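What you see below is based on every heavy atom in this structure, not just the backbone, and it leaves out hydrogens, waters and symmetry mates. Since we're looking at a predicted model, the values are computed, not measured.
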Amino acid sequence: MHVLILGGTTEARALAGLLHPRVRVTSSLAGRVARPRLPEGEVRIGGFGGADGLAAWLGEHAVDAVIDATHPFAERISFNAARAAATAHVPLLALRRPGWVPEEGDDWRDVGSLAAAATALDGLGDRVFLTTGRMGLAAFADRPEWFLVRSVDAPEAPVPARTEVLLDRGPFTLDGERELLRRHRIDVLVTKDSGGTATAPKLTAARESGIPVVVVRRPPVPEGVRKATTPEEAAALVLGYRVLGRVRP
(Lines give C-alpha, C1' and ligand atoms only; values in the text may rest on other atoms or scores of the structure.)
Protein backbone atom coordinates (compact mmCIF):
# COMPACT_ATOMS: atom_id res chain seq x y z
CA MET A 1 0.00 0.00 0.00
CA HIS A 2 1.30 3.46 -0.92
CA VAL A 3 0.06 6.49 1.05
CA LEU A 4 0.75 10.09 0.05
CA ILE A 5 0.73 12.56 2.95
CA LEU A 6 0.41 16.21 2.00
CA GLY A 7 1.98 17.89 4.95
CA GLY A 8 4.75 19.69 6.69
CA THR A 9 2.69 20.02 9.88
CA THR A 10 3.42 18.39 13.23
CA GLU A 11 0.45 16.08 12.66
CA ALA A 12 1.75 15.04 9.24
CA ARG A 13 5.11 14.05 10.70
CA ALA A 14 3.44 12.11 13.50
CA LEU A 15 1.20 10.30 11.02
CA ALA A 16 4.17 9.33 8.84
CA GLY A 17 5.84 7.86 11.91
CA LEU A 18 2.74 5.85 12.79
CA LEU A 19 2.41 4.40 9.29
CA HIS A 20 6.06 3.81 8.34
CA PRO A 21 7.27 1.11 7.75
CA ARG A 22 3.98 -0.81 7.89
CA VAL A 23 2.98 0.83 4.61
CA ARG A 24 4.92 2.80 2.03
CA VAL A 25 4.68 6.48 2.94
CA THR A 26 5.58 9.47 0.78
CA SER A 27 5.34 12.88 2.47
CA SER A 28 5.05 15.90 0.20
CA LEU A 29 6.30 19.25 1.52
CA ALA A 30 5.54 22.55 -0.18
CA GLY A 31 9.11 23.80 0.17
CA ARG A 32 8.20 27.16 1.70
CA VAL A 33 10.30 26.60 4.83
CA ALA A 34 14.06 26.73 4.37
CA ARG A 35 14.93 23.93 6.82
CA PRO A 36 11.85 21.75 7.28
CA ARG A 37 11.67 18.97 9.83
CA LEU A 38 11.63 15.82 7.74
CA PRO A 39 9.25 12.94 8.52
CA GLU A 40 9.93 9.22 8.35
CA GLY A 41 9.58 7.46 5.01
CA GLU A 42 10.05 8.96 1.55
CA VAL A 43 9.95 12.73 1.09
CA ARG A 44 9.33 14.93 -1.94
CA ILE A 45 9.55 18.73 -1.91
CA GLY A 46 7.71 21.08 -4.24
CA GLY A 47 4.34 21.44 -5.92
CA PHE A 48 2.57 19.09 -8.32
CA GLY A 49 1.34 21.60 -10.88
CA GLY A 50 -2.21 21.96 -9.64
CA ALA A 51 -4.98 19.41 -9.34
CA ASP A 52 -4.29 17.84 -12.76
CA GLY A 53 -0.61 17.42 -11.98
CA LEU A 54 -1.40 15.84 -8.62
CA ALA A 55 -3.92 13.47 -10.20
CA ALA A 56 -1.31 12.37 -12.73
CA TRP A 57 1.27 11.86 -9.96
CA LEU A 58 -1.14 9.67 -8.00
CA GLY A 59 -1.57 7.41 -11.00
CA GLU A 60 2.10 7.31 -11.96
CA HIS A 61 3.18 6.36 -8.44
CA ALA A 62 0.36 3.90 -7.70
CA VAL A 63 -0.95 5.81 -4.68
CA ASP A 64 -3.70 4.02 -2.77
CA ALA A 65 -4.73 6.79 -0.37
CA VAL A 66 -4.09 10.50 0.12
CA ILE A 67 -3.98 12.22 3.50
CA ASP A 68 -4.33 16.00 3.40
CA ALA A 69 -2.44 16.93 6.55
CA THR A 70 -1.51 20.42 5.39
CA HIS A 71 -1.88 23.55 7.50
CA PRO A 72 -5.53 24.37 8.23
CA PHE A 73 -5.14 27.52 6.10
CA ALA A 74 -3.59 25.81 3.05
CA GLU A 75 -6.89 26.19 1.22
CA ARG A 76 -5.56 25.89 -2.33
CA ILE A 77 -3.74 22.59 -1.88
CA SER A 78 -6.75 21.16 -0.02
CA PHE A 79 -9.00 22.09 -2.94
CA ASN A 80 -6.52 20.64 -5.43
CA ALA A 81 -6.21 17.46 -3.37
CA ALA A 82 -9.99 16.96 -3.39
CA ARG A 83 -10.16 17.45 -7.17
CA ALA A 84 -7.14 15.24 -7.84
CA ALA A 85 -8.32 12.41 -5.61
CA ALA A 86 -11.73 12.41 -7.30
CA THR A 87 -10.11 12.40 -10.74
CA ALA A 88 -7.73 9.57 -9.86
CA HIS A 89 -10.39 7.63 -7.93
CA VAL A 90 -8.17 7.54 -4.84
CA PRO A 91 -9.68 7.91 -1.34
CA LEU A 92 -8.87 11.16 0.46
CA LEU A 93 -8.78 11.88 4.19
CA ALA A 94 -8.25 15.32 5.73
CA LEU A 95 -6.28 15.43 8.98
CA ARG A 96 -7.17 18.62 10.84
CA ARG A 97 -6.31 19.44 14.43
CA PRO A 98 -9.31 20.94 16.29
CA GLY A 99 -9.59 24.71 16.22
CA TRP A 100 -9.18 26.90 19.27
CA VAL A 101 -12.15 27.71 21.50
CA PRO A 102 -12.31 30.89 23.60
CA GLU A 103 -12.31 30.54 27.37
CA GLU A 104 -13.74 32.74 30.08
CA GLY A 105 -11.85 36.01 30.15
CA ASP A 106 -10.82 35.93 26.49
CA ASP A 107 -11.47 39.01 24.35
CA TRP A 108 -11.56 37.54 20.85
CA ARG A 109 -12.61 39.27 17.63
CA ASP A 110 -13.44 36.65 14.97
CA VAL A 111 -12.79 37.59 11.34
CA GLY A 112 -12.89 35.69 8.08
CA SER A 113 -9.71 36.88 6.36
CA LEU A 114 -6.39 38.66 6.84
CA ALA A 115 -7.85 41.77 5.22
CA ALA A 116 -10.67 41.76 7.77
CA ALA A 117 -8.10 41.25 10.54
CA ALA A 118 -6.27 44.38 9.41
CA THR A 119 -9.49 46.40 9.52
CA ALA A 120 -10.35 44.98 12.95
CA LEU A 121 -7.22 46.61 14.42
CA ASP A 122 -8.89 50.02 14.40
CA GLY A 123 -8.91 51.37 17.94
CA LEU A 124 -7.28 48.32 19.58
CA GLY A 125 -3.85 49.83 20.19
CA ASP A 126 -0.59 50.79 18.51
CA ARG A 127 1.59 47.73 19.17
CA VAL A 128 0.54 44.54 17.40
CA PHE A 129 1.89 41.02 17.81
CA LEU A 130 1.28 39.46 14.37
CA THR A 131 1.56 35.65 14.30
CA THR A 132 -0.13 34.79 11.00
CA GLY A 133 3.10 33.65 9.32
CA ARG A 134 5.25 35.31 6.70
CA MET A 135 2.69 34.90 3.91
CA GLY A 136 -0.07 37.47 3.56
CA LEU A 137 1.58 40.38 5.35
CA ALA A 138 0.58 42.60 2.45
CA ALA A 139 -2.87 42.82 4.06
CA PHE A 140 -1.27 44.87 6.87
CA ALA A 141 1.20 46.85 4.75
CA ASP A 142 -0.78 50.10 4.90
CA ARG A 143 -1.54 49.96 8.62
CA PRO A 144 0.00 52.68 10.83
CA GLU A 145 0.59 50.45 13.87
CA TRP A 146 3.94 48.98 14.97
CA PHE A 147 4.10 45.23 14.30
CA LEU A 148 6.10 42.45 15.88
CA VAL A 149 6.01 39.73 13.19
CA ARG A 150 6.95 36.23 14.30
CA SER A 151 7.64 33.59 11.65
CA VAL A 152 9.93 30.65 10.93
CA ASP A 153 11.54 32.33 7.91
CA ALA A 154 11.99 36.00 7.09
CA PRO A 155 8.94 37.61 5.44
CA GLU A 156 9.06 39.17 2.02
CA ALA A 157 7.81 42.62 1.03
CA PRO A 158 5.36 44.22 1.25
CA VAL A 159 5.25 44.42 5.03
CA PRO A 160 4.05 47.18 7.39
CA ALA A 161 6.37 50.17 7.52
CA ARG A 162 6.89 49.82 11.27
CA THR A 163 7.88 46.17 11.61
CA GLU A 164 10.23 44.17 13.80
CA VAL A 165 10.76 40.56 12.72
CA LEU A 166 11.24 37.75 15.24
CA LEU A 167 12.42 34.49 13.64
CA ASP A 168 11.35 31.60 15.83
CA ARG A 169 9.69 28.22 15.65
CA GLY A 170 7.27 26.65 18.15
CA PRO A 171 6.43 25.07 20.42
CA PHE A 172 6.39 28.12 22.68
CA THR A 173 6.13 28.24 26.47
CA LEU A 174 3.65 30.23 28.51
CA ASP A 175 6.43 31.98 30.44
CA GLY A 176 8.12 32.88 27.18
CA GLU A 177 4.93 34.33 25.71
CA ARG A 178 4.22 36.31 28.87
CA GLU A 179 7.69 37.84 28.72
CA LEU A 180 7.38 38.60 25.02
CA LEU A 181 4.10 40.49 25.49
CA ARG A 182 5.56 42.41 28.43
CA ARG A 183 8.91 43.23 26.79
CA HIS A 184 7.35 44.51 23.58
CA ARG A 185 4.42 46.24 25.32
CA ILE A 186 1.92 44.48 23.07
CA ASP A 187 -1.59 45.96 22.83
CA VAL A 188 -3.24 43.40 20.54
CA LEU A 189 -2.53 39.92 19.18
CA VAL A 190 -3.44 38.78 15.66
CA THR A 191 -3.43 35.07 14.91
CA LYS A 192 -4.88 32.46 12.61
CA ASP A 193 -6.98 29.71 14.18
CA SER A 194 -4.27 27.12 13.65
CA GLY A 195 -5.35 24.99 16.60
CA GLY A 196 -3.08 22.61 18.48
CA THR A 197 -0.83 23.24 21.47
CA ALA A 198 2.46 24.39 19.93
CA THR A 199 1.44 28.05 19.65
CA ALA A 200 -1.55 28.15 22.02
CA PRO A 201 0.32 29.65 25.03
CA LYS A 202 0.14 33.10 23.42
CA LEU A 203 -3.65 32.95 23.83
CA THR A 204 -3.33 32.25 27.55
CA ALA A 205 -0.77 35.02 27.94
CA ALA A 206 -3.08 37.45 26.12
CA ARG A 207 -6.02 36.46 28.32
CA GLU A 208 -3.97 36.98 31.50
CA SER A 209 -2.88 40.42 30.29
CA GLY A 210 -6.34 41.51 29.11
CA ILE A 211 -5.07 41.84 25.53
CA PRO A 212 -7.65 41.55 22.73
CA VAL A 213 -7.05 38.85 20.12
CA VAL A 214 -8.07 39.10 16.48
CA VAL A 215 -8.64 35.51 15.31
CA VAL A 216 -8.77 34.64 11.60
CA ARG A 217 -11.07 31.63 11.34
CA ARG A 218 -9.95 28.73 9.15
CA PRO A 219 -11.58 27.75 5.84
CA PRO A 220 -13.70 24.57 5.86
CA VAL A 221 -12.51 21.18 4.64
CA PRO A 222 -13.71 20.64 1.04
CA GLU A 223 -17.23 19.26 0.89
CA GLY A 224 -17.50 15.48 0.95
CA VAL A 225 -13.99 14.86 2.32
CA ARG A 226 -13.81 12.65 5.41
CA LYS A 227 -11.98 14.23 8.35
CA ALA A 228 -9.81 12.95 11.20
CA THR A 229 -8.68 15.14 14.10
CA THR A 230 -5.59 13.24 15.33
CA PRO A 231 -2.73 11.33 13.67
CA GLU A 232 -3.80 8.23 15.61
CA GLU A 233 -7.33 8.42 14.20
CA ALA A 234 -6.01 8.94 10.67
CA ALA A 235 -3.56 6.04 11.00
CA ALA A 236 -6.32 3.73 12.21
CA LEU A 237 -8.48 4.65 9.23
CA VAL A 238 -5.63 4.10 6.77
CA LEU A 239 -4.58 0.78 8.27
CA GLY A 240 -8.19 -0.33 8.44
CA TYR A 241 -8.47 0.45 4.75
CA ARG A 242 -5.44 -1.75 4.18
CA VAL A 243 -6.89 -4.60 6.27
CA LEU A 244 -10.02 -4.55 4.14
CA GLY A 245 -7.79 -5.31 1.17
CA ARG A 246 -8.92 -2.36 -0.91
CA VAL A 247 -5.55 -1.65 -2.50
CA ARG A 248 -4.37 -1.64 -6.06
CA PRO A 249 -3.71 -5.05 -7.67
Side-chain angles (χ1 to χ4, degrees), residues 8-11 32-33 70-75 78 96-156 158-221 229-230:
T9 59
T10 301
E11 290 78 12
R32 292 177 178 173
V33 176
T70 55
H71 191 277
F73 283 85
E75 188 172 9
S78 293
R96 293 288 187 274
R97 69 189 78 147
W100 289 320
V101 178
E103 299 182 13
E104 183 177 355
D106 282 324
D107 180 9
W108 287 13
R109 321 294 172 93
D110 288 355
V111 297
S113 66
L114 290 175
T119 300
L121 291 176
D122 291 344
L124 293 183
D126 183 59
R127 299 180 69 82
V128 182
F129 183 24
L130 186 58
T131 64
T132 57
R134 68 187 182 93
M135 311 293 289
L137 296 186
F140 302 89
D142 295 330
R143 295 295 310 186
E145 295 88 356
W146 176 89
F147 287 85
L148 176 64
V149 174
R150 182 167 69 190
S151 62
V152 175
D153 293 318
E156 299 178 357
V159 299
R162 301 167 62 203
T163 294
E164 179 176 332
V165 176
L166 174 61
L167 299 182
D168 205 354
R169 186 199 301 262
F172 302 104
T173 67
L174 178 56
D175 285 343
E177 299 293 62
R178 287 168 173 157
E179 172 59 20
L180 186 148
L181 296 182
R182 184 199 64 77
R183 184 171 70 253
H184 293 281
R185 296 176 285 115
I186 298 300
D187 297 315
V188 55
L189 166 66
V190 180
T191 184
K192 291 179 176 178
D193 178 23
S194 300
T197 60
T199 62
K202 63 189 174 188
L203 302 174
T204 302
R207 179 171 62 250
E208 292 176 348
S209 300
I211 292 173
V213 182
V214 178
V215 181
V216 183
R217 287 302 180 188
R218 61 177 65 176
V221 170
T229 58
T230 67

Quiz item: What's the verdict on salt bridge (Lys or Arg N to Asp or Glu O under 4.0 Å) for Glu177 and Arg150, showing C-alpha distance, side-chain angles and the deciding distance?
Solution: CA-CA 12 Å; Glu177 299 293 62; Arg150 182 167 69 190; 2.8 Å; yes
Practice problem: Go through Asp106 and Val213 one step at a time and tell me if the side-chain contact (heavy atoms from CB on, under 4.5 Å) criterion holds. | Solution: CA-CA 8 Å; Asp106 282 324; Val213 182; 5.9 Å; no
Practice problem: Show your working on side-chain contact (heavy atoms from CB on, under 4.5 Å) between Ile186 and Val128 and close with a plain yes or no. | Solution: CA-CA 6 Å; Ile186 298 300; Val128 182; over 6 Å; no
Self-check item: side-chain contact (heavy atoms from CB on, under 4.5 Å) evaluation trace for Arg97 with Ser194
Solution: CA-CA 8 Å; Arg97 69 189 78 147; Ser194 300; 4.0 Å; yes
Quiz item: Leu148 and Leu166: side-chain contact (heavy atoms from CB on, under 4.5 Å), yes or no, with the steps?
Solution: CA-CA 7 Å; Leu148 176 64; Leu166 174 61; 4.1 Å; yes
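With values rounded to the nearest 0.5 angstrom, Leu130 atom CG is found 9.0 Å from Leu189 atom CG. Here the straight-line distance linking atom NE2 of His71 with atom OG of Ser78 works out to 11.0 Å at 0.5 Å rounding.
Put simply, the side chain of Asp168 does not reach to within 4.5 Å of the side chain of Val152, judged on heavy atoms. Looking at Asp153 and Leu167, their side chains never come closer than 4.5 Å, going by heavy atoms from C-beta outward. Contact of the Pro155 side chain with the Val165 side chain is registered, since non-hydrogen atoms from C-beta on lie closer than 4.5 Å.
Here Asp107 pairs with Arg109 under the salt bridge (charged side-chain N to carboxylate O under 4.0 Å, His left out) rule; sequence neighbours left out. Thr199 is linked by a side chain to side chain contact (heavy atoms under 4.5 Å, CB included) to Trp100, Phe172, Lys202, counting only residues two or more places apart in sequence or in another chain. Residues satisfying the side chain to side chain contact (heavy atoms under 4.5 Å, CB included) test with Thr230, not counting sequence neighbours, are Glu232, Glu233. With sequence neighbours left out, the side chain to side chain donor-acceptor pair (under 3.5 Å) criterion links Asp142 to no other residue. Judged as a salt bridge (charged side-chain N to carboxylate O under 4.0 Å, His left out), and not counting sequence neighbours, Glu75 has no contacts. When the salt bridge (charged side-chain N to carboxylate O under 4.0 Å, His left out) test is applied to Glu164, no partner is found at least two apart in sequence or on another chain. When the side chain to side chain contact (heavy atoms under 4.5 Å, CB included) test is applied to Val221, the partners found at least two apart in sequence or on another chain are Ala94, Arg96, Val225, Lys227. Listed by chain and number, the residues in a salt bridge (charged side-chain N to carboxylate O under 4.0 Å, His left out) with Arg218 are Asp193 (sequence neighbours excluded). Under the side chain to side chain contact (heavy atoms under 4.5 Å, CB included) criterion, Ala116 pairs with Val111, Ser113, not counting sequence neighbours. Annotation: side chain to side chain donor-acceptor pair (under 3.5 Å) contacts of Glu156 (sequence neighbours excluded): none.
Sorted by first and then second residue, the side-chain hydrogen bond (donor to acceptor under 3.5 Å, both in side chains) pairs involving residues 118-130 (not counting sequence neighbours) are Asp122-Arg143, Asp126-Arg162. Residue pairs meeting the ring pair (Phe, Tyr, Trp, His ring centres under 6.0 Å) criterion with at least one partner in residues 121-143, sequence neighbours excluded, are Phe140-Phe147.
Under the side chain to side chain contact (heavy atoms under 4.5 Å, CB included) test applied with Leu124, the options Ile211, Val214, Asp187 reduce to a single match, Val214.
Ser151 contributes no side-chain N or O that, together with a main-chain N or O of Ala154, makes up a donor-acceptor pair within less than 3.5 Å. Side-chain atoms of Thr131 come within 3.5 Å of backbone N or O of Val190 as a donor-acceptor pair. In this structure, Thr163 contributes its side chain and Val159 its backbone to no donor-acceptor pair below 3.5 Å.
Shortest non-hydrogen contact noted between Ala206 and Leu181 is N-CD1, 3.8 Å. Heavy-atom minimum distance, Phe73 versus Val216: CZ-O, 3.1 Å. The shortest heavy-atom contact between Ala115 and Ala139 is N-CB, 4.0 Å.
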